[in-house]
Colleague: 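Right, I'll just put the structure down here and ask away after.
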Amino acid sequence: MNLFTDIRALVIGALETMTKEGDLPAGLNFDNVTVEPPRNPSHGDMATNAAMVLAKPAGQKPRYIAEKLIGILSLNGEIVSVEIAGPGFLNIRIIPYVWQSLVKTVILSGGAYGTSVMGAGKKVNVEYVSANPTGPLHVGHTRGAVFGDALAGLLDYAGYEVTREYYVNDGGSQVDVLARSVYLRYLEAHGQEVAFEDGTYPGDYLIPLGQALKKEVGNAYLDQDEQIWLVKIREYATEAMMGMIRDDLALLGVSMDSFFSEKSLYGTGAIEAAIDNLRAKKLIYEGVLDPPKGKKPEDWEPREQTLFKSSDHGDDVDRPIMKSDGSWTYFAPDIAYHADKVNRGYDLLINIFGADHGGYVKRMKAAVSALSEGKVSLEIKLTQLVKLFKDGEPFKMSKRTGTFVTLRDVVDQVGADVTRFVMLTRKNDAPLDFDFNKVLEQSRENPVYYVQYAHARGRSVQRRAVEAGISVDIATLAAADLSRLSHDAELGVIRRLAEWPRLIEIAARTNEPHRVAFYLYELASELHALWNKGNEEPTLRFLQVDDPDTSQAKIALLQAVCVVISAGLGILGVKPAEEMR
RNA sequence: GGUCUGUUAGCUCAGCUGGAUAGAGUACUUGCCUCCGAAGCAAGGGGUCACAGGUUCGAAUCCUGUACAGACCGCCA
């Protein structure tokens, strides 16, 4: 149910009629013909660019096409008027009944209104967070988590079959570092003095692990060589870290469908198989890379390495997959991991990376392109930094001392709903300022409350209506006489509701969930405006105590707004408020 | 040196597949509370869409170049 595509179908139908009657040459491509809401409401309900885009390919003047089109469209009973305007736009006005009926559609469809078939039958894998299991999630991860989760929700709404996946980097050397750091805490638990040198994790969060380890193994690991305890502690620590990370994600309301372990790729032949796959395509060779230009490579030595010919698939240079000591680089398991995704039959892969990983975009795309022979596309979305503030002052973090702001800190202070919404009020690739105090202000500067308030107002009126003995169940509202919704402000809200399905498709196509947040803000704004008009014009109030029929029509509109706000917040992972406290 | 991202109102930012007079919030001025609490609404001023070319009926949007900002650039993931 999308009014704009409905009207577009009418326009296309008219164009086909014109083709049949010889007013347009056969075989024209109508793909560029759009029907959109005009920016200026005085231009009417909808506008189409048909006459302008077809003028050239048809070899006709825009005006000629426009007039023929008007002749056909005017015959339709749902269309009030069609006018030529500006450089050749057709402004279309449709009968109020069409708008009013939309309210009923929305109410009856509920959370299904605006869902799309654009993703029907398509499987998509969204990989996000994928933080190393070496510590708690921090703010940067939080943004990636929120963005990825909202994008997954959006694609789900748009009809895709979505898998939310976390890649656990538990196979590289960073988990060895973790193990050694835990060992130090273990020694500390036994009363020894320890020093955290460079290349260890000094964070306090490992203290309990050291103590727990002491409780479990006693002094078995004291004065023991690393090879005795490393594997055991590594396993123990990664498991504990992943447990902590899952808890952090749960705090934020993020729940993954799948955790994929890097370690599971080792010793199973998975990496070798993926590399052999590329080798069979003649994309693996031994070679020497040029030194990176620009900065002085002080310790640069030319070395022969095993390389992936990623430059054949759009990368700038070829990339090493094996270190000089014969072990894999991190890139090799990444290739194997994505080979696994390709083999699982996804039509589309999406990875969410922090902006500092921007340099890996091309090689990952090259790998997927090569592995799938161009059949599966990999989209990589980068999330920019989060700059923390408190009362307008920058909030300093230091990795070295281990004093960084964690996801838990943020959620504990401001709550999951606020965190999620605020993080989606910027495009993913733009830096985000996050002020701990500002986001908690319950003011108009805070979009979370603004949207929540609109929903709460809607619910409040419904509760009042019930108290006044007016029935507001869905069936009653759907059967209300919607022709009573004739005021411009009311139709304005409906017009905004009509844009919802269109917005979902745009947001899903561009992979930009922030558009949902901005839309909800606009919808809330329409509702607040209508609400306040009720102060001056009592007939515009939703609740007309002595006129149940009118009340029900108006509350039906309110219900429709609540449905869309609720669905939109649902995509973003935010719970709608029944009332404000 | 190269790659990627960004540059829109004083400030923070939206802007759809290229569409009509480029929009919000904030700040400033001024009004408005019996439908939840004004946590809201209305009105006003504020712009060379970084700059220069190009593509076309039409460019903030696409292409090329320049300037500025950030991220990244072989054995860390």
Side-chain angles (χ1 to χ4, degrees), chain A residues 31-32 34 36-40 43 47 49 52-53 55-56 62 85-89 91 130 132 134 169 171-175 177 199 262 288-295 297 300-303 305 307 315-317 319-320 322-325 327 329-331 333-334 354-362 382 384-385 425-427 429-431 433 441-447 449-450 452-454 456-457 459-461 463-465 468 499 502-503 505-507 509-510 512 514-515 517-518 521-522 525 528-536 538 540-545 551 554 579-580:
Chain A
D31 288 353
N32 289 330
T34 60
E36 298 178 328
R39 202 178 302 175
N40 187 337
H43 290 147
N49 60 357
M52 287 182 293
V53 271
K56 198 173 188 181
F89 284 101
N91 288 333
S130 297
N132 290 339
T134 54
N169 289 106
S173 57
Q174 76 285 352
V175 285
V177 174
E262 177 193 358
V288 180
L289 287 173
D290 292 333
K293 292 170 184 167
K295 67 174 181 185
W300 173 270
E301 296 165 28
R303 262 185 215 104
Q305 294 172 287
L307 300 171
D315 202 355
D316 309 308
V317 293
R319 306 292 177 174
M322 198 177 264
K323 300 179 197 170
S324 49
D325 67 1
S327 64
T329 64
Y330 66 90
F331 187 39
D334 274 355
D356 55 340
H357 287 59
Y360 304 97
V361 170
K362 284 192 175 181
L382 302 179
Q384 262 294 349
L385 297 175
T425 53
R426 289 287 176 275
K427 259 185 313 204
D429 49 8
D433 291 348
E441 269 173 33
Q442 301 193 346
S443 73
R444 72 194 81 163
E445 210 175 324
N446 190 337
Y449 287 92
Y450 190 85
Q452 293 283 32
Y453 188 31
R457 276 181 153 172
R459 285 285 176 265
S460 168
V461 170
R463 287 191 296 268
R464 291 281 168 119
E499 288 175 29
R502 198 171 159 268
L503 179 110
E505 296 200 348
I506 292 170
R509 189 177 61 235
T510 54
E512 292 181 340
H514 75 274
R515 290 175 191 271
F518 281 92
Y521 187 87
E522 285 163 10
S525 177
H528 289 312
L530 173 58
W531 182 283
N532 277 75
K533 280 205 171 66
N535 289 335
E536 289 156 27
L540 282 181
R541 293 181 189 172
F542 293 97
L543 189 54
Q544 310 282 332
V545 179
S551 295
K554 290 177 183 298
E579 58 185 336
M580 303 297 276

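Letters A, B, ... mirror the listed sequences (proteins, then strands); counts begin at 1.
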Colleague: Using the P atom in both, what is the distance from B:G65 to B:U61, to the nearest Å?
Modeller: 16 Å

Colleague: For A:Gly534, report the nucleic acid contact type (base, sugar-phosphate, nothing); a contact means any heavy atom under 4.0 Å.
Modeller: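 Base, at least one base atom sits under 4.0 Å.
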
Colleague: Now, which nucleotide makes the Watson-Crick or G-U wobble pair with B:A9, with each of the two distances under 3.5 Å?
Modeller: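 Pairing partner, where one exists within any strand: none, as none qualifies.
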
Colleague: What does A:Asp315 touch in the nucleic acid at a heavy-atom separation under 4.0 angstrom: a base, only the sugar-phosphate, or nothing?
Modeller: nothing

Colleague: Report the residue (A:Asp325 or A:Leu540) whose heavy-atom-nearest nucleotide on RNA chain B is the more 5′ of the two.
Modeller: A:Leu540

Colleague: Quickly work out the A:Asn535 CG to B:U34 P distance and round it to whole Å.
Modeller: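 Checked: the CG to P distance equals 8 Å.
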
Colleague: Can you tabulate the close N/O pairs, meaning under 3.5 Å, that link protein atoms to atoms of nucleotides 8-14 of chain B?
Modeller:
unit_1, atom_1, unit_2, atom_2, d
B:U12, O2', A:Arg426, NH2, 2.7
B:C13, O5', A:Arg426, NE, 3.3
B:A14, OP1, A:Lys427, N, 3.0

Colleague: Syn or anti for B:C33, given that syn means the glycosidic angle lies within 90° of 0?
Modeller: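 Syn conformation for B:C33.
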
Colleague: With centres under 5.5 Å and planes under 30° as the test, does A:Trp531 stack with B:G40?
Modeller: no

Colleague: Between A:His528 and A:Tyr453 (side chain of the first, backbone of the second, donor and acceptor by atom type, cut-off under 3.5 Å), is there such a pair?
Modeller: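 A pair under 3.5 Å: no.
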
Colleague: Start at the 5' end of RNA chain B and walk down; is the nucleotide closest to A:Lys362 or to A:Thr34 reached first?
Modeller: A:Lys362

Colleague: What interatomic distance, in whole Å, is found between C1' of B:A71 and the corresponding atom of B:C51?
Modeller: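 Taking atom C1' in both B:C51 and B:A71, they lie 24 Å apart.
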
Colleague: Can you figure out which of B:C57, B:G37, B:G6 approaches the side chain of A:Met52 most closely?
Modeller: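 Selected nucleotide (nearest to the side chain): B:C57.
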
